[in-house]
Amino acid sequence: MKKIVLLALGMAMSMTTFAQEEESGVETTISGDIVSQYIWRGQDLGNVSVQPTLGVAWKGLSLTAWGSVGLTDSQDTKEFDLTLGYTIGGFNIGITDYWFNEADGGDPDGRYFKYGSHATNHTFEANIGYDFGFASLQWYTNFAGNDGVNKDGKRAYSSYVEANVPFKLATVDWTATAGAVPYYTTSYGTTGFAVTNLALKATKDIRVTDSFSIPVFGQVVANPCSQKAYLVFGFTLQP
């Protein structure tokens, strides 16, 4: 009987929270990806990883926390990112604070609250983009923190541009991606314009119950600049 009462209270609280979110217009995101390999913009950042997301959004304004930690190798990248964004129609703009436990030229102790201009593991990036529906285009540029350098040894303002084209094939959702770095930067290991990310991703929901399903995805990624290629499998858990 006690379990039934607790379950009823829990359901009532969930329904109340949902109603409050609908009335206020605030949306909450809680999810986590499990991936066989952490590949980011064509770069290999680790092996099997768990990548949680926690975010809130209101009238186009959003604040999102995202992280990654390796499950099989203690030397894999540990990451914690905060993104403040705004979307209206197809247009979006945002700023991301990336933090990595280890970073070349950063704080050797990996301290999160270390913001020194020449010894920090934080990298600050601005982005701007537009979703046309049939395709989206996004531009990213580092403007502060632990950025790479150009051929003159100065801040590179490392940038990355990416186009995504979604489509549906055989009841599966697909996304084709092409990403490039426009100029020399040690952040991406490029000596000029270079295509660093060509990917094809397929996602399909696996139904577990009538009200619960798990999105499963597979992705082929190639980095022509580094001459590397990867095959990634993952799934997403969310309420």
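Hydrogens, waters and symmetry mates play no part in the numbers below; they use all other heavy atoms, side chains included. Everything numeric in this text was worked out from a predicted model, so none of it was measured.
A 4.5 Å side-chain heavy-atom check between D76 and Y38 finds every atom pair outside the cut-off. Between L237 and I214, the closest side-chain pair of non-hydrogen atoms falls below 4.5 Å. You'll find the side chain of F235 reaches within 4.5 Å of the side chain of I34, heavy atoms only. At a threshold of 4.5 Å between non-hydrogen side-chain atoms, the residues W40 and E79 do not count as touching. With a 4.5 Å cut-off on side-chain heavy atoms, W139 and P182 count as touching.
Counting heavy atoms of neighbouring residues, nucleotides and ligands inside a 6.0 Å radius, atom OH of Y157 does not exceed 12 of them. Counting non-hydrogen atoms of neighbouring residues, nucleotides and ligands closer than 6.0 angstrom, the CZ atom of F113 reaches no more than 12 such neighbours.
Residue V165 comes nearest to F134 through the heavy atom pair CG1-O, 3.5 Å, listed as atom of the first residue, atom of the second, then distance. Listed here is the closest heavy atom pair of A156 and Y184: CB-O, 3.9 Å. When every heavy atom of Y183 is checked against every heavy atom of S159, the shortest pair comes out as OH-OG, 2.7 Å. Taking each heavy atom of T123 and N146 in turn, the nearest pair found is OG1-O, 3.0 Å. Shortest non-hydrogen contact noted between S31 and Q238 is CB-CB, 3.8 Å. Of all heavy-atom pairs between Q37 and V232, the closest is O-CG1, 3.6 Å.
With hydrogens and angles disregarded, no donor-acceptor distance shorter than 3.5 Å links the side chain of N142 to the backbone of A144.
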Which atom pairs, one a donor and one an acceptor, fall under 3.5 Å between side chains of residues 191-206 and the rest of the protein, sequence neighbours left out?
from : atom 1 : to   : atom 2 : distance (Å)
N197 : ND2    : Y160 : OH     : 3.1
K204 : NZ     : T171 : OG1    : 3.3

Name each donor-acceptor pair under 3.5 Å that joins a side chain in residues 85-93 to protein atoms two or more places apart or in another chain, with its distance.
from : atom 1 : to   : atom 2 : distance (Å)
N92  : OD1    : N127 : ND2    : 3.4
N92  : OD1    : Q138 : NE2    : 2.5
N92  : ND2    : G129 : O      : 3.4
N92  : ND2    : Q138 : OE1    : 3.4

For residues 100-109, which side-chain N or O atoms pair as donor and acceptor with protein atoms under 3.5 Å away, sequence neighbours left out?
from : atom 1 : to   : atom 2 : distance (Å)
N101 : OD1    : K78  : N      : 2.8
D107 : OD1    : D109 : N      : 3.3
D107 : OD1    : R111 : NH2    : 3.2
D107 : OD2    : G110 : N      : 3.4
D107 : OD2    : R111 : N      : 2.8
D107 : OD2    : R111 : NE     : 2.9

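The CD1 atom of I39 sits 8.5 Å away from the CD atom of Q219 when rounded to the nearest 0.5 Å. Atom-to-atom distance recorded for T77:OG1 and N47:CG is 10.0 Å, nearest 0.5 angstrom. Atom OG1 of T185 is separated from atom CG of N150 by 8.0 Å, given to the nearest 0.5 angstrom. Here the CG atom belonging to L84 is positioned 6.0 Å from the CG atom belonging to L63, to the nearest 0.5 angstrom. Separation of atoms CH2 (W174) and CZ (F167) is listed at 6.5 Å; rounding is to 0.5 Å. To the nearest 0.5 Å, the span separating CG on D73 from OG on S49 amounts to 9.5 Å.
Taking the side-chain hydrogen bond (donor to acceptor under 3.5 Å, both in side chains) definition, one finds that Y98 meets it with R41, E125, sequence neighbours left out. Taking D173 as the reference, K168 meet the side-chain hydrogen bond (donor to acceptor under 3.5 Å, both in side chains) condition, with sequence neighbours excluded.
Screening residues 62-71 for side-chain hydrogen bond (donor to acceptor under 3.5 Å, both in side chains), with sequence neighbours left out, gives Q51-S68.
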- [ ] List the steps, then state whether side chain to side chain contact (heavy atoms under 4.5 Å, CB included) holds for D33 with V50.
- [x] CA-CA 6 Å; D33 288 346; V50 58; over 6 Å; no
- [ ] List the steps and the verdict of side chain to side chain contact (heavy atoms under 4.5 Å, CB included) for W58 and V26.
- [x] CA-CA 5 Å; W58 178 74; V26 177; 3.8 Å; yes
TODO: Test D147 against T186 for side chain to side chain contact (heavy atoms under 4.5 Å, CB included), laying out the working first.
DONE: CA-CA 8 Å; D147 188 17; T186 56; over 6 Å; no
Open item on the list: Please evaluate residues N121 and K114 with respect to the criterion side chain to side chain contact (heavy atoms under 4.5 Å, CB included), reporting the C-alpha separation (whole Å), side-chain torsions for both, the decisive distance (0.1 Å), and the verdict.
Closed with: CA-CA 8 Å; N121 288 9; K114 174 70 173 178; over 6 Å; no
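Note: F143 and F124 have tilted aromatic rings, judged against thresholds of 30 and 60 degrees for the angle between ring planes.
Following chains of ILVMFWY side-chain contacts shorter than 4.5 Å, one can reach Y130 starting from I128, so the two form part of one hydrophobic cluster. Linking Ile, Leu, Val, Met, Phe, Trp and Tyr residues whenever their side-chain heavy atoms come within less than 4.5 Å leaves V208 and V172 in two separate clusters. Criterion: ILVMFWY side-chain heavy atoms under 4.5 Å apart, direct or through other members. Under it, L45 and Y140 are part of a common hydrophobic cluster.
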